Amino acid sequence: MENNTILDITCLNKTYKQGHEEIRVLENLDFVIRRGEFVSIVGPSGSGKSTLLNIIGLLDNDYDGKVRLFGRNMEKTDEEKKAALRLAHLGFVFQFDSLLPEFTVHENIEMPAMLLAHSVKKNVAEPGIAAPEKKAAPSADELLKRFNLEEISSKFPMEISGGEKQRSAMMRALRNGPELLIADEPTGNLDPANSELIMKDLRRTADSGTAVLMVTHNDKAAFEADRVLRMENGKLVKLK
Ligand SMILES: Nc1ncnc2c1ncn2[C@@H]1O[C@H](COP(=O)(O)OP(=O)(O)O)[C@@H](O)[C@H]1O
Ligand SMILES: [Mg+2]
C-alpha cells in the first residue's frame with residue numbers, strides 16, 4: 001500500500017436480501033482514494049452509489065471483501081473503534097440538511113469536536129493512530145471565517161437558507177480535520193448558485209489536503225473533480 005493511500009477497497013461484494021431474492025449491488029469492486037484527491041461518482045439511481053458510500057463511511061459492515069482505512073482492516077476493527085475512527089478521520093455531508101434544530105450554527109459545527117473529546121476521554125479513541133499526519137482541526141470560528149459565513153454563527157438552522165444549511169453541514173464535517181470528506185449528492189437539493197458555492201468549498205477542501213469523495217447527479221459538477229467514475233453493473237468505471 002502506498003503511504004498516501006487513505007482508503008483501499010478490494011473485491012467488494014454487496015447484496016441485499018429481499019424476501020427470497022438477492023439483489024446484487026456491488027460486484028468485485030476495487031477502489032483506492034489517496035490523500036487530497038477530489039473524486040466524483042456518477043451513475044443511475046439505484047446503481048449502488050449510496051451503498052458504496054455507506055461502506056466507505058464505516059456505516060455498513062454487511063459485505064464481502066476488504067476495506068482498509070490507513071491500512072487497517074475494517075473487518076477486524078470493533079464497532080467502538082470504528083465510531084472513533086469515523087469521528088476523527090471522516091466527514092459526512094448528505095443531500096438533505098442534517099443540522100440539529102435546537103442548536104445554533106456555531107454549536108452544530110462544534111458538535112463533532114465535543115464528541116471526539118468525549119470519546120478520547122473515555123479512552124476508546126486513538127485518533128492519531130491510523131493517520132500518520134493527522135490534519136490540524138480548525139475551530140468553528142476559523143471555519144465560519146473561511147466560508148465567509150461569520151454572520152450566521154449564532155443563528156438557528158430554521159433562520160438560514162438551504163445553501164447556508166448545507167455549507168454549515170460541510171463546516172461541521174470539517175471540524176475534526178478529516179482526511180476524507182464523503183458527500184452524497186451534496187448539491188441535490190440546491191439551486192445553481194448555491195451548488196456552485198458548495199463546489200467551490202469542495203474544491204478548496206481537496207486543495208487543502210482533505211480527500212473529497214462526492215456522489216452527484218449533476219454531470220457538470222462531477223467533471224469539476226480530478227477523477228470521475230461511473231457506477232455500472234456493480235463496479236466503478238473510469239470516465240476521467
Ligand atoms: N436497505 C436496503 N434493503 C434492500 N435493498 C436496498 C437497501 N438499500 C438499497 N437497496 C437497493 O440497492 C440498490 C442500490 O441502492 P443505492 O445504493 O441507494 O443506489 P444509488 O445511491 O446509486 O441510487 C437499489 O436497487 C436499492 O433498491
Ligand atoms: Mg443514493
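Order of appearance sets the numbers: ligands from 1, and atoms from 1 within every ligand. Model, not experiment: these values are computed from the prediction.
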(message) For atom 26 (C) of ligand 1, is there a protein heavy atom at a distance under 4.0 Å?
(response) no
(message) Within 2.8 Å of the Mg ion (ligand 2), is there any N, O or S atom belonging to Ser45?
(response) no
(message) Return the closest protein heavy atom for atom 22 (O) of ligand 1 as residue, atom name and distance.
(response) Lys49 NZ, 2.7 Å
(request) Can you pull out the closest protein heavy atom to atom 18 (O) of ligand 1? Residue, atom name and distance to 0.1 Å, please. (result) Ser50 CB, 3.8 Å
(request) Could you tell me whether the side chain of Ile6 reaches within less than 4.5 Å of the side chain of Arg34, counting heavy atoms only? (result) no
(message) Quick test: of every protein heavy atom, which one is nearest to atom 23 (O) of ligand 1, and how far off is it to 0.1 Å?
(response) Gly46 N, 2.7 Å
(message) Less than 4.5 Å apart, side chain to side chain, heavy atoms only: is that true for Lys81 and Arg72?
(response) yes
(message) Please list, in number order, the atoms of ligand 1 under 4.0 Å from a heavy atom of Ser45.
(response) 23 (O)
(request) Examine Lys17 against ligand 1 and note whether any of their N/O atoms are separated by less than 3.5 Å. (result) no
(request) Answer with yes or no whether the hydrophobic clustering places Leu12 together with Leu53; edges join I, L, V, M, F, W, Y residues whose side-chain heavy atoms lie under 4.5 Å apart. (result) yes
(request) Is it possible for you to check whether Arg24 lies under 6.0 Å from the centre of the six-membered ring of Tyr16, through NZ or CZ, and within 45° of that ring's axis? (result) no
(message) Taking the basic N atoms (NZ, or NE/NH1/NH2) and the acidic carboxylate oxygens, is any pair closer than 4.0 Å for Arg167 and Asp201?
(response) yes
(message) Between Asp8 and Lys66, does any side-chain N to carboxylate O distance fall below 4.0 Å?
(response) no
(request) Taking only heavy atoms of Pro44 into account, list the atoms of ligand 1 that are under 4.0 Å away from them. (result) 22 (O)
(request) Quick one: do Lys145 and Asp141 satisfy salt bridge (charged side-chain N to carboxylate O under 4.0 Å, His left out)? Show the steps, please. (result) CA-CA 6 Å; Lys145 193 166 181 187; Asp141 287 327; over 6 Å; no
(message) Suppose I only count heavy atoms of Thr51 and a 4.0 Å limit; which atoms of ligand 1 are within that range?
(response) 14 (C), 15 (O), 16 (P), 17 (O)
(request) Spell out, as yes or no, whether a donor-acceptor pair under 3.5 Å connects the side chain of Lys14 to the backbone of Glu27. (result) no
(request) Check ligand 1 against Val25 and write out every atom of the ligand that is under 4.0 Å from a heavy-atom position of the residue. (result) 12 (O), 13 (C), 14 (C)
(message) Closer than 3.5 angstrom, by distance alone: can the side chain of Asn176 be matched with the main-chain N or O of Ala88 as a donor-acceptor pair?
(response) no
(message) Looking only at protein heavy atoms, which one is nearest to atom 1 (N) of ligand 1, and what is the separation?
(response) Tyr16 CE2, 3.7 Å
(message) If we only consider heavy atoms of Gly43, is any one of them less than 4.0 Å away from an atom in ligand 1?
(response) no
(message) Starting from atom 19 (O) of ligand 1, what is the nearest protein heavy atom, named by residue and atom, and what distance separates them?
(response) Gly48 N, 3.2 Å
